[in-house]
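Worksheet: one structure, shown below.
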There are 2 protein chains.
Amino acid sequence: MAYLCVMKQRGQVVVDKILDTAERLFYAQGYSNTGINQVIEEADIAKASLYKHFDTKTDLLVAYIQRTHERWFNRIENAVNEVADPKDKLLALFDHHVERQEIRQFGGCPFIKANDEAGTSDPRVLAEIQLTKQHSKDFIKTLVVNSGHKKLLTDQELAELIFITLEGAIAAASVFKQPTELQSAKQIIQKLI
Amino acid sequence: MAYLCVMKQRGQVVVDKILDTAERLFYAQGYSNTGINQVIEEADIAKASLYKHFDTKTDLLVAYIQRTHERWFNRIENAVNEVADPKDKLLALFDHHVERQEIRQFGGCPFIKANDEAGTSDPRVLAEIQLTKQHSKDFIKTLVVNSGHKKLLTDQELAELIFITLEGAIAAASVFKQPTELQSAKQIIQKLI
DNA sequence: CCATAAATAGACAAATCTGTCTATTTATGA
DNA sequence: TCATAAATAGACAGATTTGTCTATTTATGG
């Protein structure tokens, strides 16, 4: 058991270095603008190691999307759990994304970005991104149902509105490089719940 | 005067063929996935002609964004003008984008797409895209001010909300390849005006 | 200690990319 | 008709791309 863990860890070190570098470069520069050679150089690993773990560059992109999906959900779940009031949990979504976009220097949503770059050329990329957005919708829906909002809108409508405004405000943040729209959206939703 | 027009027309023929092809390919395949050679081949013009009118590929991208901006505004202005009721003008924005996204096969917003591909690498691209989104915000604001809505939200808030929901719903359309979110957003806005 | 597996460095192929350049043909306006 | 400008075809350079392959070194577990 122990040696298996060590082997796995050993292998994971390289995979993690690759994925860490790919994540950083794919998001900051774009997938198409990032070459395999840059990834292996900045990850400080051998080219053969990369192609041992990922058959093609597209496989690396898919793995990047999957890992980003997992990490995104963990973070947002934690952020929401730190808030007690069920209505405030909804508003915490906006605060969380303000923080994230500041850290990400207003590069926008990594999934939309990946979709815009490679969603049309590879069906696996689109499918993976659809999973992330469906996950987001489902998560928001649950929060809305438990929020006890004032039913100015139906549960479904409010959930849709929050999902849509988050998407739109993050897109706007990537254009204007500021969290203005995320903050506006939060205030508006606050009025409606 | 006449010969000037003919000369201009003559030149415009080539430029238009280039821009028509670039528009189609940049949107459907992405800017990075489209080579100059494919543009000149499908536009059926010579490579030297392209580089006579556009110094670099980036210049072609900027010109594509500018022309798309102009055409976008003309279309949306016409769509809104065909509606009499000032509140319905706001809703017409959503109907128009449903139509557009169907025509575009749910590829999302061309400006966000261009921003995701080249916004970080070239400041001119970002600047041009900021102009388009500011234009959109201003246009919506005017419609809101003249709409006579019921002031559940302030003018500014409603304008922001419509702008943000349009952006978000178009992004969602590019992921799920259907106009669901655009239609939901329309219904929700209808409840609020 | 030894056999196996993993990681490394880097050359290499084949394709593709942007941009330049030359030589030729076409079109235009006076 | 004639000079000028524009468009064409396509070769070419030089860099870059993804992916393969070989040879070597390192690390691991038994």
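In what follows, chains carry the letters A, B, and so on, assigned in the order in which the sequence lines appear, proteins first and then strands, with residues in each chain numbered from 1.
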Q.
Is the phosphate of D:dA7 approached by B:His53 (side-chain N or O, under 4.0 Å from OP1 or OP2)?
A. yes

Q: Check every atom of D:dA7, C:dC21, C:dG19 against the side chain of B:Ala48 and return the nucleotide holding the closest atom.
A: C:dC21

Q | Electrostatic pair A:Asp155:A:Lys141 at N-O distance under 4.0 angstrom | A | no

Q: Report the distance from atom CG of B:Leu60 to atom P of C:dC17, rounded to the nearest whole Å.
A: 15 Å

**Q.** Spacing between B:Asn33 atom CG and C:dT16 atom C1', to the nearest angstrom
**A.** 13 Å

Q | Closest contact, heavy atoms only, A:Gln130 versus B:Val175 | A | NE2-O, 2.8 Å

Q. Angle class for the B:Tyr31/B:Phe26 ring planes (parallel below 30°, perpendicular above 60°, tilted otherwise)?
A. perpendicular

(Q) Whether the side chain of B:Lys113 engages the backbone of A:Asp116 through a donor-acceptor N/O pair (distance < 3.5 Å, no angle test) should be reported. (A) yes

(Q) Mind checking if A:Thr58 touches a base, just sugar-phosphate, or nothing, with heavy atoms under 4.0 Å? (A) nothing

Q) In whole angstroms, how far is the P atom of C:dC17 from the CD1 atom of B:Ile40? A) 11 Å

(Q) The side chain of A:Ile45 is closest to which nucleotide in this list: D:dG19, C:dT8, C:dC21? (A) C:dT8

Q | Rounded distance in Å - CG (B:Asp59) to C1' (C:dG19) | A | 13 Å

Q: Starting from P on C:dT22, measure out to OH on B:Tyr51 and report it in whole angstrom.
A: 17 Å

Q: Please determine, by modelled atom types, if B:Asp138 and B:Gln134 share a side-chain donor-acceptor pair under 3.5 angstrom.
A: yes

(Q) Please classify the nucleic acid contact of B:Asp55 as base, sugar-phosphate, or nothing, using heavy-atom distances under 4.0 Å. (A) nothing

Q. Does B:Lys47 get its side chain close enough to the base of D:dG10, under 3.5 Å, for a donor-acceptor pair?
A. no

Q: Report the distance from atom CD1 of A:Ile18 to atom C1' of C:dT8, rounded to the nearest whole Å.
A: 12 Å

Q | Proximity to the side chain of B:Ser49 - top-ranked nucleotide from D:dT8, D:dG10, D:dG19 | A | D:dT8

(Q) Side chain of B:Ala46 only, heavy atoms from C-beta on: which candidate in D:dA11, D:dA9, D:dT17 is closest? (A) D:dA9

Q: Using atom CD1 of A:Ile36 as one end and atom C1' of C:dA14 as the other, report the distance to the nearest whole Å.
A: 17 Å

Q.
Whole angstroms only, please: what is the NZ-P distance between A:Lys52 and D:dT22?
A. 14 Å

